[in-house]
Every structure is written in structure tokens, then in C-alpha cells.
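When reading the values below, keep in mind they use all heavy atoms of this one structure, side chains included, and skip hydrogens, waters and symmetry mates.
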Amino acid sequence: MSKVILEPDTFVLANQALAGTFERWQSAIDASGFGLAAETDHQGICDTLLFFNRAGISVPEPVNQVISSVWAYLPAITHAPLQGMLAQHLPGISARTIQLPLQNTHNHWLECSMHDFCNSAGEPRSLLLVREITREREAMQVLQHEKLRAIAYERFQFSMLELVLREQDATRVLETIARDIEAMHADMYCAIVLTQNLGKLVQTVIAPTLPKVMLETLRQLQLETDKGSLATSIAMKQRVIVDDVMTHPYWENHREAAQAAGIHAGWAEPLLTANGEILGAFAIYYRQPQTPTANEQSMIEQAAKLVSIVVDRHLSQDTIEALAYLEPVTGLPNRRKAYEVLQRVQLQPATGQHWGLIYLDIDHFKWINEAHGHVLGNRLLLQVAERLQKVAAPHFLACMGGDEFLILLSGLSSESEKALQQVWVLQRKLQKIFERAFKVESQKLQITASMGLSSFTSEEACDTDFVKAVDIAMHRAKQAGRNTVCVYEPGMQTEIATQVMLESDLRLAIEQQQLALHYQVQVDHTGRPFGAEALLRWQHPVRGFISPLQFIPVAESSGLIIDIGMWVIDQACAQIALWQRDRKTSDLSLSVNISARQFRQGNFISMIKACIQKHQINPNALRLELTESLLLENVDDAVSIMTELSQIGIQFSLDDFGTGYSSLQYLKKLPLYQLKIDRSFVNDIVTDSHDRTIVRTIIAMAQSMYLSVIAEGVETQDQMELLLNNGCRRYQGYLFGKPMPIAQFEACLEQTLR
């Protein structure tokens, strides 16, 4: 008997959990693999044999299909572990699983799971499920192997680059590269062949472990097409992959040498100079026929580039110097090179000639990386660099790192106004390159950029860091709404100094407890309060009231927001505790804004939990408000943090909804309770049809996702009625109350909650 399939008895079918387990097990069975399902007692005596497929596993042949004990159907290696599991029932544990390797020539693996239950007579029984998982194990091992190899490749690239920069002896570097690659592949040989006379003759062969017969073949190689993988790669200046040298025509004259060396596959990548001239080829030989994986092809390509650099360096030091001054993703001059060029400008004699600078930053580039991955993001940067080069030529273009670019304009007018106009002319040309979408792989990406501009003379460059100046102007452009441009003005430096002074005052304000919380009521459509938002206020002893729009960004950039944020959470929890002791206010919730820097702190979760424990509050009353841009920094981490806090009852509200990315792609991942309609849409909702459409869309989206929705900035009865008619039943704004100190707020509550 090789295969038996019986139906489970009525008891298993009646037991929903067991029936479901059995069905899932059946769906996971490999039709060509071993499988057994049986209902047994604690000694392995069968009540019912549900399924049996002997497949290629050696087990005794049951006689006349008589059902006795399961041991007659199972390999001997499984007996002891399963007997132990059957005989020992663990309190509170009804399901157990083990995986066992079979000691045979085929490396089979079995998964054995046991599910305890009682039959209709109340007697203890087990549902024993055994299936072969050999293919799953092999697939998992292949995947793990590929992951480890990818990590090894990445480490290899960095270590080799360091070696190239440190080691002067080119031969030693090339030998190290070959040996390190071979160390990552037990069945591989590496060979580096360098040529002379423009690739016509073999000059040097570096192959530390290649068998002698193959080494001599390479040294005498005729560098012509069809004379082997390596010779063809050199002759055609392109990659050549031969997955079986015993059948491929390229290897017709080298099969004996390949067979003697135990080589069955040959791949080669040409070594080229920056000008495309041939230097030789990098070859890999395998001891069995095979085609390279994507990781292996990438490794070949990267190794060939490194070898080319080493050889080029041996011929000329210019290549290594270029490497030190190039940004790796775009290949453009880097920040270091940009500052050296500007230093040369400073040293030029005073002629009155003007120079210009444009600092360009792609808007929301982090979102692109988050949505599509860093590989696609890098390819997008490469396309941006190519377009910028075409427009910026003949001026100097550099990539300052990431998605930031700098253009240095030379040969401008000696009149400052005309020089700045010339900068504006180029800026408009640069702006146009973003009007056409970028096509990267299968994605069509429409992006924008913010820019900062300036013009200066060589004398002025000695007194002012104009790179920092246009960087400041670029950030001012981003603050103005992105996809715009700003010209640097000397007053901006003063503004930076003011920010530094504000930071100093803010530190003192924290120490002297000058900060306070004000509360703005949140009401439902009947006007009844259901909660409030805690808003931070700063009354400076000399300068008076300082707007949060001024000091919150300073707190963020300086890191002071961490201490401020912890204080706000503690104050909010203390206030919730007071409300929950009073019957009238016990149901009130309190919303608190969470900053990006605070949210990303490693102790954020533990800090929130500690505050709740300290004040002994119901976590449902604490509502944390997050912005879209905060969440998009790293969606997966945000989901993890929010999920853990949601499990203890904390609710999350998405603040300023509609002003950012507003994508369902990430929205559906987040454990949100509420969307908050931004005041910018509420302001003109009565008179602006576009704002009404946006608000209706947000409300409909929230309802479809079973989320609460609240509108902020409600100041008139007409606004409220429009919101109500469109399904929004919760509001916050001056129509119901301004932010006020807690004593005044509670006095208003007392009147409203009577």
C-alpha cells in the first residue's frame, strides 16, 4: 500500500478547530512527498487513519490495510520523539510541532505536529499530522544563502574600496580581490587578465588558485571573438556568460584544458578605462554548469569596476583622486570637490566679476525612497543628475549628498543686478526639467524641487560661506511650500543668529518652567464637549508671548523637543487623571501633538507606558496626534510603535490631514482612530468649491475606513453646518472656544456640562 486517503470521522468534522487544522494541513501537503494523518491514543494506537502517502520514504508495508498503530507507517527516526510527545501532555498546550531530518541519501525532512483533544467519550486523543517539507527547507536554505551572500558582497565592496585607497601595490590588491571573491564561493575560480596593445595581447594573468593547465591556457590566449568567454569579452567589450563550456562553441579549442581543470562554466566582464578603452577582463569559472544569479552578476560587475580602478591607478593616479572627489550614486563632483572649487574662486584677484550659486533639493525625496525603495530612488537621482548636466553645462555641477545639488555659475556680469538675472535665467531652465515626469523602471514619477539662489564676487566669498547661504535660502523656499525658489539675503544670516538666541532662551524656559499648556475644547454636533487638545504656550518674561510656530522648529532642530515632549505627556496624563476622578469629566479625552524627533526616540513606547502607569489613567482618554510627514519617515517603524501602544488602548489621530502625501497605500497600514481635517480646507469651505470637494473626499475616506473625523479651525456657524451636512460631526475651533489655561477651560466646561 503506497497511498491511503480516508475521510476524518464525524467527531473531527464536528470539531471546528480540528477540522480546520486538518484542512490546512491537507492543502500544504506536497503531492509527491510523504504524508500521514491519524487519530491516535497516547500509545500511538490508531482510531482512524485519515491519510497516508508513503512516497519515496522507506517504511514497512502495512498488511491488508489493517489499522493498528501509527508506528507501522512511520520511519523509525520519528518513533521516539513522537512517543514522547504522545505520552506527555503539557498543561495549557494542545498543539506541538517538531521538524526531523531523515538520515538517508536524499536529505529528506519531516514536519510532525500533534493536536490534543478528547473524543466523544471524553477519552484523550491526538490528531497526528506528518508531512514532508524537504522542498520548503531547501527553498528556505537557498533564500538564506542568497541573503548572506548579498551581505557578503556589500561588505566585500567596502573592504575592497578601502584596500584600493590604502594599498599601493596593484598586484597585491588584485590578488586580494580574487581570493576574497573565491572565499565567498567554494566552487569558484577567479582570474584577472590584463592586456596590452589595446587588448590585442595578454600581458598579465592574476589567478591565485586557478589550476595550472587553465592558467597556461589564459597566458597563451588569442584575444579574438569565439576564442573563449574571456577572449570574446575583451574583443567585444561586453559581458559574456557561458553556462556550459562543454557544449558552447566559444570553448571548442579549450575543452580539454577546462575538463582537466574541472571547469564547466565561464563568465567574463571587460575591464575598461573611464574613456572606454580596454584594460583586460575579469573572469569567473565554476566547477559545474550554471547561470549567474542577479547577485552574482552584480558582484561580477562591481568586482570588474574595482579591478579597473586598481589598474587605472597603477597607470595613473588621476583615477583614485577622481574617486575621492566623486559622489558615488550620480558620479558628479561631491561636496569636498565643490568646496575646493570655491576656495579657488576666493583666491582669484579682485576683478569685480560675479559668480552665481544655485542650491537645489528634490521635494519629498524621502517619500519616494519609502514608497519605492532606495534602489529606485538612486536611479531617479541618476536621471535627475543627467538632466541637470545637460542644462547646467558649461557651469560646475556637484552633488552635495543625497538629493541635494549645487551649481556654480561663472562668467557672469560685473553688475550685481545683471549677474543675479543671469542666475535666474538658469534657474528657470532647471525648473523646466522637472515639468516632464521621470520614468524609472515601471514607475512614472512626477517630482519638484526647491532652490536657493545667490550671486557674489570673489572678495565677498572670503567673508561669507555662500554655500551655506544658498542652503539657507533653499530651506526658506521649502518652508514657503516647496516647488519654489528663494534668493539669499544678508538678513537671513541675522535670522539664523536670532534662532540661536531663541534656542538659548528656550533652554532657560524649560529650567524655569516658563512653558504652559492651554486647552482648546473639542465638541460634537450638539455642541457638547467630548475632549480637548493640549497646546503648548510660552510667555517669555521679557519678549512676551512667543508663538509655537517660532519656538517649536527650534526645539525640534536642537533636540530640546525630547524634554519638552516628555513634560507635555506627563502634564496631559496628570490632567486626565483629575478629569477621570470627576463623574462629569470622566469621559473626556485629551489630544497631544507628538513631534517627529520624540516619536523616533528608542524609549518613546516605554515613556508613554510609564506615564500612564504613574498617573493610573485609562489609556483610552489619551489621544496622540501625528503628522503625515512624521509617519512617512519610516512607515514600518511607525506601524510597529502605533500598534504596540494601540494594544493598551491609546488612540492615534492623523493631524493636518490632506496637506501632505495622503496616500491610501500607507494610510491603510496605520492603526488610526481619527483623521483631522486641516484648518486650511475649513477656512474657505463656504466660498471655495475646491475646498468643499477636498473636505467631502476626506470625510468619505474616513467613513469608508471606519475612522472618526474631526475638523479644526471651525470659526463660523456656516462652516459647521457645511461640515455637518457632509458627515463631519466633531469640531474644534474658535466658534466653540479658544485655547485657554486650565482654570478658565474648566470654568467653561462647568457651564457646558451642567
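- Between Ala257 and Val213, the shortest heavy-atom distance links the atoms O-CG1, 3.7 Å.
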Legend entry - Check against side chain to side chain contact (heavy atoms under 4.5 Å, CB included), Tyr286 and Ile263: CA-CA 6 Å; Tyr286 265 99; Ile263 290 172; over 6 Å; no
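- Judged by distance alone, the side chains of His248 and Asp243 never bring a donor and an acceptor atom under 3.5 Å apart.
- Note that CD1 of Ile698 is 5.5 Å distant from CD1 of Ile677, once rounded to the nearest 0.5 Å.
- At least one side-chain heavy atom of Leu50 sits less than 4.5 Å from a side-chain heavy atom of Leu127.
- Of the possible polar contacts, one joining the Ser646 side chain to the Met642 backbone as a donor-acceptor pair under 3.5 Å is found.
- Between Trp267 and Tyr285, the ring center distance fails the sub-6.0 Å criterion.
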Legend entry - Step-by-step side chain to side chain contact (heavy atoms under 4.5 Å, CB included) determination, Phe599 to Leu624: CA-CA 10 Å; Phe599 187 75; Leu624 303 183; over 6 Å; no
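- Asp41 places a side-chain N or O within 3.5 Å of a backbone atom of Gly44 that can act as its donor or acceptor partner.
- A donor-acceptor contact shorter than 3.5 Å links the side chain of Ser586 to the backbone of Arg583.
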Legend entry - Lys305 and Glu301: CA distance, side-chain angles, deciding distance, salt bridge (charged side-chain N to carboxylate O under 4.0 Å, His left out) verdict: CA-CA 6 Å; Lys305 286 180 180 178; Glu301 183 179 353; 3.7 Å; yes
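- No hydrogens or angles considered: nothing links the side chains of Asn620 and Gln651 as a donor-acceptor pair under 3.5 Å.
- For the residue pair Ser126 and Asp116, a side-chain donor N or O sits within less than 3.5 Å of a side-chain acceptor on the partner.
- Side-chain N or O atoms of Thr643 include none that pairs as donor or acceptor with a backbone N or O of Ser640 at under 3.5 Å.
- Taking OG1 of Thr78 as the start and CG of Leu100 as the end, the distance is 7.0 Å to the nearest 0.5 Å.
- Geometric assessment of Arg287 against the ring of Tyr189 yields a positive cation-pi assignment under the 6.0 Å and 45° thresholds.
- Annotation: His615, atom NE2; neighbour count of heavy atoms from other residues, nucleotides and ligands within 6.0 Å is above 12.
- Taking CG of Leu645 as the reference point, atom CD1 of Ile648 lies at 5.5 Å (rounded to 0.5 Å).
- Using modelled atom types and a 3.5 Å distance limit, the side chains of Ser229 and Trp251 yield a donor-acceptor pair.
- Applying the 6.0 Å contact sphere to CZ of Arg255 captures more than 12 heavy atoms from other residues, nucleotides or ligands.
- For the pair Cys46 and Ala38, the tightest heavy-atom approach, listed with the atom from each and the gap, is SG-CB, 4.1 Å.
- Taking all atoms of both residues into account, the shortest heavy-atom contact from Ile617 to Cys573 is CG2-O, 3.5 Å.
- Checked by atom type, the side-chain pair Gln290/Gln288 shows a donor-acceptor distance below 3.5 Å.
- Counted within 6.0 Å of CE on Met607, heavy atoms from surrounding residues, nucleotides or ligands total more than 12; the atom is thus considered enclosed.
- In this structure, CZ on Arg96 lies 10.0 Å from CG on Leu82, to the nearest 0.5 angstrom.
- A 4.5 Å side-chain heavy-atom check between Gln601 and Ile562 finds at least one atom pair inside the cut-off.
- Closest approach of Gly727 to Gln703, counting heavy atoms only: O-NE2, 3.6 Å.
- The closest donor-acceptor contact from the side chain of Arg379 to the backbone of Val440 lies at 3.5 Å or more, if one exists at all.
- The two residues Met85 and Thr97 make their nearest non-hydrogen contact at CE-N, 4.4 Å.
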Inset, instruction - Show the numbers, then the answer: is there a salt bridge (charged side-chain N to carboxylate O under 4.0 Å, His left out) between Arg137 and Glu111? - result: CA-CA 10 Å; Arg137 293 277 305 197; Glu111 178 186 78; over 6 Å; no
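- Not a single donor-acceptor pair under 3.5 Å links the side chain of Gln674 to the backbone N or O of Ser653.
- The minimum heavy-atom distance between Ala304 and Glu269, with the atom names listed, is CB-CG, 3.4 Å.
- Side-chain atoms of Arg623 do not come within 3.5 Å of backbone N or O of Ile650 as any donor-acceptor pair.
- Looking at Phe282 and Ser233, their side chains never come closer than 4.5 Å, going by heavy atoms from C-beta outward.
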Inset, instruction - List the steps and the verdict of side chain to side chain contact (heavy atoms under 4.5 Å, CB included) for Gln83 and Trp71. - result: CA-CA 9 Å; Gln83 285 170 351; Trp71 314 122; 3.2 Å; yes
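- Within the 3.5 Å criterion, the main-chain N or O of Gln613 finds a donor-acceptor partner in the side chain of Gln616.
- In this structure, CG in Leu654 is found 9.0 Å from CG in Leu707, a value given to the nearest 0.5 Å.
- Thr209 and Glu182 share a side-chain donor-acceptor pair at under 3.5 Å.
- Within the 4.5 Å cutoff, the side chain of Arg131 has heavy atoms near those of the Glu136 side chain.
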Inset, instruction - In sequence, state the C-alpha distance, the side-chain angles, and the governing distance for Ile699 and Arg696, and then conclude on side chain to side chain contact (heavy atoms under 4.5 Å, CB included). - result: CA-CA 5 Å; Ile699 294 169; Arg696 279 197 297 268; 5.8 Å; no
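- A cation-pi arrangement is absent between Arg54 and Tyr73 under the rule of less than 6.0 angstrom and at most 45 degrees off the ring axis.
- Using a 4.5 Å cut-off on side-chain heavy atoms (C-beta onward), Asn593 and Thr627 make no contact.
- Summarising the local packing, CD of Gln443 is surrounded by more than 12 heavy atoms from other residues, nucleotides or ligands at distances under 6.0 Å.
- For His115, there are no ring-ring contact (aromatic ring centres under 6.0 Å, His included) partners, not counting sequence neighbours.
- Expressed to the nearest 0.5 Å, how far CG of Leu128 lies from CG of Leu86 amounts to 6.5 Å.
- At most 12 heavy atoms of other shown residues, nucleotides or ligands fall within 6.0 angstrom of atom CD in Gln259.
- Side chain of Asn53 to backbone of Gly33: a donor-acceptor contact under 3.5 angstrom is found.
- Considering only heavy atoms from C-beta on, Leu376 comes within 4.5 Å of Leu445 through its side chain.
- Within a 6.0 Å sphere centred on CE of Met140, other residues, nucleotides and ligands contribute 12 heavy atoms or fewer.
- Looking at Thr40 and Ile45, their side chains never come closer than 4.5 Å, going by heavy atoms from C-beta outward.
- Between the side chain of Asn119 and the main chain of Gly122, a donor-acceptor pair closer than 3.5 Å is present.
- Inter-residue side-chain proximity for Val240 and Tyr250 is flagged as met; some heavy-atom pair is nearer than 4.5 Å.
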Legend entry - Working for ring-ring contact (aromatic ring centres under 6.0 Å, His included), residues Trp25 and Phe51: CA-CA 11 Å; Trp25 179 84; Phe51 179 93; 5.5 Å; yes
